[in-house]
Amino acid sequence: MKHYPTQELKIVYRILHANLAKNTELMDGNFLEDLQNHLQKQAQSEGIDIGDHGAWDAWLGNKAVSCETRIGKRATLS
C-alpha cells in the first residue's frame, strides 16, 4: 500500500466502503482490511483520532457524520 499515493488510496477506500452493503463479500477479504489498517496508521501519524468517526470521515474526504446520525442509518447486511 505504501507505494500508492494516500489520496488515491482514500478514493479506493471510500468507494469500497460505500458499496459494502451491495458487496458484503468485501468484508471477508484481506484487501479491504489491509487498506483500512494502512489508512488508519497514516491518519494517526497525522494526528487524527480514528476513534472519532467524524474526524476519520473528514480525513478520508467524506462528509463528517455524527455517530447519532450514523447509528440511525444502520442497516442489517446479509
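No hydrogens, no waters, no symmetry mates; every other heavy atom, side chains included, goes into these values. Count residues from 1 along the sequence. If you're wondering where the values come from, they're calculated on a predicted model, not measured in any experiment.
- The nearest pair of heavy atoms linking Leu20 to Leu32 is CD2-CD2, 3.6 Å.
- The line from CZ of Arg14 to CG of Asp57 is 10.5 Å long, rounded to the nearest 0.5 Å.
- The minimum heavy-atom distance between Lys10 and Trp59, with the atom names listed, is NZ-O, 2.7 Å.
- The backbone N or O of Glu25 lies less than 3.5 Å from no partner atom in the side chain of Asn23, so there is not a single donor-acceptor pair.
- Here the shortest heavy-atom pairing between Ile50 and Ala43 reads CG2-CB, 4.0 Å.
- Rounded to the nearest 0.5 angstrom, Ile11 CD1 and Tyr4 OH are separated by 14.5 Å.
- Between Val12 and Leu35, the shortest heavy-atom distance links the atoms CG1-CD2, 3.9 Å.
- We find the CG-CD distance between Leu9 and Gln36 to be 13.0 Å, quoted to the nearest 0.5 Å.
- Rounding to the nearest 0.5 angstrom, the gap separating the CG atom in Asn37 from the NZ atom in Lys41 is 6.0 Å.
- Met1 CE to His3 NE2: the interatomic distance, rounded to the nearest 0.5 Å, is 10.5 Å.
- For the side chain to side chain contact (heavy atoms under 4.5 Å, CB included) with Lys22, the lone residue among Leu26, Asn19, Thr24 that qualifies is Asn19.
- For the 3.5 Å distance criterion, the side chains of Glu46 and Gln42 qualify, holding a donor opposite an acceptor.
- Atom CG in Leu60 sits 11.0 Å away from atom OG1 in Thr6 (nearest 0.5 Å).
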